[in-house]
Amino acid sequence: MAKQTINYQREQKRALRKKRFKMWLKNLPENLKNWGEALGIVILAIIIFFLFALPPCFYFWSLIVPGTMVDLCVNETFGDFVHELNVWTIRCLPWYARKKFMASLFQGHSARSYRRYFQKINYTVDYLKTVPKYGQDYIWNKGDNRDREMLILSGWYYLNKEQFVYLLEQGMYGAVQSYITAHAPAKEGVIAMLKKSDVPDVQQAIILYTEKYGLKEQGLLETALSYTKNNAEFQAKIEKAQRIKAQKSHIDKCKDMNEFANWCRKVLIEPEAQGSMSLQQYEVFHASGQKLSDEGVIAFISAASEITDQNAQTRLAKVFAYETLSQKSRSYVESSSDAQRIISKMMPSMLSDQQFELLLNMAEEKSVEDYLLGPYMPSANMLIATIKTYGEEKAKDLIVRCILKHKLEEMLSQTAFIEVGLEVEANGGNELAIILDGVQQELNYQLDHTSNVELASYMRHPVMYDRQLKLRFAVSYLLYKSKHV
């Protein structure tokens with residue numbers, strides 16, 4: 001009886017579910033309509049909030065805590081969305097609050113605001129690089145010639161032909177040259193320069209344009225020669241500049257080294273074009289018997305600082321190995337931070353004796369010291385070269401620290417040290433004995449006055465006695481060898 005009751009109840013529940021489902025299907029259109037209205041109300045409420053409620057709130061808090069609202073706009077998660085939603089709100093802020101946003105958010109402001117911020121807050125070329133085109137145009141139109149010159153120095157502003165001619169009319173020849181360095185002016189602008197070719201500064205600008213872009217390539221060579229027909233000296237400069245441009249183009253396009261070798265044997269490459277050669281082309285250039293000029297050496301080293309480190313190291317090493325540097329080139333290497341930076345990057349790798357000697361002559365003393373005390377054990381020839389370059393007194397302390405840094409047994413196993421007895425006997429032992437006494441006194445002084453207590457204690461340890469003898473002997477030999485090689 002109980003079982004029949006349970007089955008009956010199940011049947012009733014099943015029938016009730018079927019009835020409810022049929023009613024739901026019957027009322028589905030009406031239900032969907034109600035749900036759609038509810039969803040539409042929610043969406044409308046969200047739109048109203050973002051368009052009408054949020055901007056006033058954002059504006060209000062921006063007046064009170066502008067810095068906090070700026071942080072909200074630059075938030076990595078949703079900052080872009082908040083900023084885009086409130087661009088017009090930010091534009092309506094008073095200046096004291098708006099300039100806070102302009103310090104971090106360079107886009108979305110009015111052209112007038114960009115100029116005001118430039119004039120009052122950040123009068124720099126770097127700021128102009130962040131200003132959009134419409135803001136730069138406004139600064140050009142409303143600013144003075146100093147503002148216009150700074151726009152050109154930014155390298156991000158393109159002049160139309162009227163603006164370029166304006167620079168010439170105002171006598172802003174420095175700005176003209178700066179613009180040509182970054183961009184090619186229109187053909188009409190070049191013709192305007194040719195019409196003023198009697199002005200020395202304009203002549204320099206024309207030469208710069210010719211070397212960079214070429215007059216012949218733009219169909220302007222004949223025009224240039226006709227405008228300068230009464231100035232043979234300037235015509236010769238134009239022809240040389242055009243030749244430099246042609247050589248640069250050939251160097252850039254020529255990938256066949258056999259063809260390039262034949263060209264090098266026939267053509268004397270201009271100094272201004274030499275810096276355009278690749279490392280492989282420079283090898284061919286050197287094999288042809290040509291040498292880099294001072295301008296070529298400087299351009300080559302400057303270019304080396306702009307390419308990958310490995311290529312820079314190889315290129316610099318080749319220049320040092322192949323060229324006999326003049327005093328001008330040597331002074332440039334010694335004073336150039338780029339050249340010294342590249343030289344310092346050569347330190348982590350093991351150098352040959354020849355490369356080390358080049359570095360001794362070219363690098364700062366700190367770079368040489370870093371190498372001698374670095375991970376690679378220098379050869380005896382390197383230490384001898386150090387003494388010859390820096391002198392005995394100056395090099396002695398560095399060599400002592402170098403030998404202490406590396407394994408004495410390995411250093412003393414080099415051929416130069418193994419044959420020391422023969423060298424001493426052949427060149428006179430009395431002089432070496434005198435040097436040995438001086439070196440021993442130097443080492444004793446270092447032991448007594450070293451600031452490195454740990455090193456001093458280590459060297460005084462009994463097990464170091466034999467090593468100290470080897471050390472004194474090694475330094476003595478190096479000093480002796482440096483005077484008799």
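Owing to the predicted nature of the structure, the values given are computational and were not obtained by experimental measurement.
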Peer 1: State whether the side chain of Asn141 and the backbone N or O of Asp137 hold a donor-acceptor pair below 3.5 Å, judged by distance alone.
Peer 2: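 A pair under 3.5 Å: yes.
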Peer 1: Check whether any side-chain heavy atom of Tyr173 lies under 4.5 Å from a side-chain heavy atom of Gln204, and answer yes or no.
Peer 2: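 Tyr173 does not reach Gln204 side chain to side chain.
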Peer 1: Using the test salt bridge (charged side-chain N to carboxylate O under 4.0 Å, His left out), find all partners of Glu365 that sit at least two apart in sequence or belong to another chain.
Peer 2: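 Scan of Glu365 (salt bridge (charged side-chain N to carboxylate O under 4.0 Å, His left out), adjacent residues dropped) gives Lys394.
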Peer 1: Does Lys161 NZ have over 12 foreign heavy atoms under 6.0 Å away?
Peer 2: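 Open.
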Peer 1: Measure centre to centre between the rings of Tyr127 and Tyr117, then say whether the value is under 6.0 Å.
Peer 2: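 Yes, ring centres under 6.0 Å apart.
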Peer 1: Got a sec: does the CH2 of Trp156 have more than 12 other heavy atoms crowding it under 6.0 Å?
Peer 2: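 12 or below, so no.
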Peer 1: Are Asp198 and Gln203 linked by a side-chain donor-acceptor pair shorter than 3.5 Å?
Peer 2: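 Per modelled atom types, Asp198 and Gln203 side chains form no pair under 3.5 Å.
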Peer 1: Tell me, do Phe60 and Ile64 make a side-chain contact under 4.5 Å, heavy atoms counted?
Peer 2: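 Phe60 vs Ile64: side chains touch.
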Peer 1: Just checking, is any N or O donor in the side chain of Asp147 or Tyr123 under 3.5 Å from an acceptor N or O on the other one?
Peer 2: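 Side chains of Asp147 and Tyr123: pair found under 3.5 Å.
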Peer 1: State whether the number of non-hydrogen atoms from other residues, nucleotides or ligands found under 6.0 Å of Arg112 atom CZ is greater than 12.
Peer 2: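 Open.
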Peer 1: Look at the side chain of Glu211 and the backbone N and O of Ala241, then say whether any donor-acceptor pair between them is shorter than 3.5 Å.
Peer 2: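 Pair absent, no side-chain N/O of Glu211 close to backbone of Ala241.
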Peer 1: Let's go through Thr124 and Asn122 carefully: what are the C-alpha distance in whole Å and the side-chain angles of both, what is the deciding distance for side-chain hydrogen bond (donor to acceptor under 3.5 Å, both in side chains) to 0.1 Å, and is it a yes or a no?
Peer 2: CA-CA 6 Å; Thr124 64; Asn122 195 351; 2.8 Å; yes
Peer 1: Within the distance-only criterion (no hydrogens, no angle test), does the side chain of Glu323 pair as donor or acceptor with the backbone N or O of Leu292 below 3.5 angstrom?
Peer 2: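 Indeed, once roles are kept as given, a pair shorter than 3.5 Å links the two residues.
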Peer 1: Quick check: closest heavy atoms across Gly275 and Ala299, and the distance to 0.1 Å?
Peer 2: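 For Gly275 and Ala299, the tightest heavy-atom pair comes out as CA-CB, 4.0 Å.
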Peer 1: In Å, rounded to the nearest 0.5 Å, how long is the span from OG of Ser197 to CD of Gln235?
Peer 2: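 The CD atom of Gln235 is 9.5 Å from OG of Ser197, to the nearest 0.5 Å.
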Peer 1: If I compare all heavy atoms of Ala97 with all of Ser62, which pair ends up nearest, and what's the gap?
Peer 2: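 In this case the closest contact between Ala97 and Ser62 is CB-O, 3.8 Å.
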Peer 1: Within a strict 4.5 Å, meaning less than it, do heavy atoms of the Trp140 and Tyr166 side chains meet?
Peer 2: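 Side-chain contact under 4.5 Å: yes.
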Peer 1: Looking at NZ of Lys133 and OH of Tyr138, how far apart are the two atoms once the value is rounded to the nearest 0.5 Å?
Peer 2: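 The NZ atom of Lys133 sits 15.5 Å away from the OH atom of Tyr138.
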Peer 1: Spell out, as yes or no, whether a donor-acceptor pair under 3.5 Å connects the side chain of Glu272 to the backbone of Ile244.
Peer 2: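 Answer holds: no.
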Peer 1: Just how far is it from atom CG of Leu221 to atom CD1 of Ile238, taken to the nearest 0.5 Å?
Peer 2: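 Answer rounded to 0.5 Å: 8.0 Å.
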Peer 1: Looking at Gly219 and Thr223, what are the two nearest heavy atoms and their distance?
Peer 2: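 Smallest interatomic distance, heavy atoms only, reads O-OG1, 4.3 Å.
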Peer 1: For the side chain of Gln247 and the backbone of Glu270, is there at least one donor-acceptor N/O pair under 3.5 Å apart?
Peer 2: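 Answer holds: yes.
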Peer 1: Could I get the full list of salt bridge (charged side-chain N to carboxylate O under 4.0 Å, His left out) partners for Asp144, not counting sequence neighbours?
Peer 2: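 Once residues adjacent in sequence are excluded, Asp144 has no partner under the salt bridge (charged side-chain N to carboxylate O under 4.0 Å, His left out) criterion.
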Peer 1: Of the non-hydrogen atoms in Met172 and Asn145, which two are nearest, and what is the gap between them?
Peer 2: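 What the structure gives for the nearest pair is CE-O, 3.5 Å.
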Peer 1: Should Ser113 and Arg91 be marked as a side-chain hydrogen bond (donor to acceptor under 3.5 Å, both in side chains) after you check the CA-CA gap, both sets of side-chain angles, and the distance that decides it?
Peer 2: CA-CA 8 Å; Ser113 295; Arg91 289 187 179 186; over 6 Å; no
Peer 1: Under 30°, 30 to 60°, or over 60°: which ring-plane class applies to His109 and Tyr114, parallel, tilted or perpendicular?
Peer 2: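 Ring orientation of His109 relative to Tyr114: perpendicular.
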Peer 1: Is it true that a side-chain atom of Arg115 and a backbone atom of Lys142 form a donor plus acceptor pair closer than 3.5 Å?
Peer 2: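 Answer holds: yes.
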Peer 1: Would you mind reporting whether Lys240 and Arg243 have side-chain heavy atoms less than 4.5 Å apart?
Peer 2: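 Counting from C-beta outward, Arg243 and Lys240 do come under 4.5 Å.
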Peer 1: Between Gly189 and Leu168, which heavy-atom pair has the shortest distance, and what is it?
Peer 2: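 Closest approach of Gly189 to Leu168, heavy atoms only: O-CD1, 4.1 Å.
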Peer 1: Taking atom OG1 of Thr386 and atom CG of Leu360, what is their separation to the nearest 0.5 Å?
Peer 2: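 These two atoms lie 4.5 Å from each other.
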Peer 1: Between atom CZ of Arg98 and atom OG of Ser110, what is the distance when rounded to the nearest 0.5 Å?
Peer 2: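 Arg98 CZ to Ser110 OG: 6.0 Å, rounded to 0.5 Å.
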Peer 1: For side-chain contact (heavy atoms from CB on, under 4.5 Å), just list the numbers for Met102 and Ile90, CA-CA rounded to whole Å, side-chain angles, deciding distance to a tenth of an Å, and then say yes or no.
Peer 2: CA-CA 9 Å; Met102 296 190 70; Ile90 296 172; over 6 Å; no
Peer 1: Under 6.0 Å from the NZ atom of Lys100, do we count more than 12 heavy atoms belonging to anything else shown?
Peer 2: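 No.
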Peer 1: Can you tell me if Tyr158 has over 12 outside heavy atoms packed within less than 6.0 Å of its OH?
Peer 2: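 Atom OH in Tyr158 is not crowded, with 12 or fewer foreign heavy atoms closer than 6.0 Å.
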Peer 1: Relative to each other, are the rings of Tyr322 and Tyr282 parallel, tilted or perpendicular (30° and 60° limits)?
Peer 2: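 Ring orientation of Tyr322 relative to Tyr282: tilted.
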Peer 1: Passes side-chain contact (heavy atoms from CB on, under 4.5 Å), Trp95 versus Ile121? Steps please.
Peer 2: CA-CA 11 Å; Trp95 175 247; Ile121 309 297; 4.0 Å; yes
Peer 1: For Tyr179 and Gln163, run side-chain hydrogen bond (donor to acceptor under 3.5 Å, both in side chains): C-alpha distance rounded to whole Å, both residues' side-chain angles, the deciding distance at 0.1 Å, then the answer.
Peer 2: CA-CA 11 Å; Tyr179 185 77; Gln163 290 172 319; over 6 Å; no
Peer 1: Verify, without hydrogens or angle tests, whether Arg148 (side chain) and Leu167 (backbone) share a donor-acceptor contact under 3.5 angstrom.
Peer 2: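 Pair absent, no side-chain N/O of Arg148 close to backbone of Leu167.
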Peer 1: Can you list the steps and then say if Gln280 with Phe285 is a side-chain contact (heavy atoms from CB on, under 4.5 Å)?
Peer 2: CA-CA 9 Å; Gln280 189 177 11; Phe285 168 86; over 6 Å; no
Peer 1: With heavy-atom distances below 4.5 Å as the criterion, would you say the side chains of Pro185 and Tyr209 are in contact?
Peer 2: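 Of all side-chain heavy-atom pairs linking Tyr209 with Pro185, at least one is under 4.5 Å.
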Peer 1: With the side chain counted from C-beta on, respond yes when Ile206 and Thr228 share a heavy-atom pair under 4.5 Å apart, and no when they do not.
Peer 2: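 Of all side-chain heavy-atom pairs linking Thr228 with Ile206, none is under 4.5 Å.
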Peer 1: Does Ile251 reach the side chain of Lys248, with side-chain heavy atoms less than 4.5 Å apart?
Peer 2: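 In short, these two side chains do not touch, never coming nearer than 4.5 Å.
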Peer 1: So with a 6.0 Å cut-off around CD of Glu162, is the heavy-atom count from everything else above 12?
Peer 2: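 Enclosed: over 12 neighbouring heavy atoms sit under 6.0 Å from CD of Glu162.
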Peer 1: Is there a side-chain contact between Met150 and Ser154 in this structure, where contact means two heavy atoms from C-beta onward sitting under 4.5 Å apart?
Peer 2: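 Result no, sub-4.5 Å side-chain heavy-atom pair not found.
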Peer 1: Arg116: which residues meet the salt bridge (charged side-chain N to carboxylate O under 4.0 Å, His left out) condition with it, sequence neighbours left out?
Peer 2: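 Scan of Arg116 (salt bridge (charged side-chain N to carboxylate O under 4.0 Å, His left out), adjacent residues dropped) gives none.
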Peer 1: Would a distance-only check, ignoring hydrogens and angles, find a side-chain to backbone donor-acceptor pair under 3.5 Å from Gln242 to Lys216?
Peer 2: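 Yes: the side chain of Gln242 pairs with the backbone of Lys216.
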Peer 1: Enter the distance from Ile207:CD1 to Lys245:NZ here, rounded to the nearest 0.5 Å.
Peer 2: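 Reported to 0.5 Å precision, the distance equals 14.5 Å.
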Peer 1: Starting from the C-alpha separation in whole Å, work towards a yes-or-no answer on side-chain contact (heavy atoms from CB on, under 4.5 Å) for Gln281 and Met257.
Peer 2: CA-CA 7 Å; Gln281 287 173 328; Met257 291 302 104; 3.7 Å; yes
Peer 1: Taking all heavy atoms of Glu239 and all of Leu225, pick out the closest pair and write down the distance.
Peer 2: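 Nearest pair, atom of Glu239 first, then Leu225: OE2-CD2, 4.4 Å.
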Peer 1: Step by step, would you call Thr181 with Gln177 a side-chain hydrogen bond (donor to acceptor under 3.5 Å, both in side chains)?
Peer 2: CA-CA 6 Å; Thr181 301; Gln177 294 185 35; over 6 Å; no
Peer 1: Give a yes or no on whether the backbone of Pro378 and the side-chain of Tyr371 come within a donor-acceptor separation of less than 3.5 Å.
Peer 2: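 It does not hold such a pair.
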Peer 1: Any donor and acceptor pair, going by atom type alone, linking the side chain of Tyr213 with main-chain N or O of Ile180 inside 3.5 Å?
Peer 2: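 Yes.
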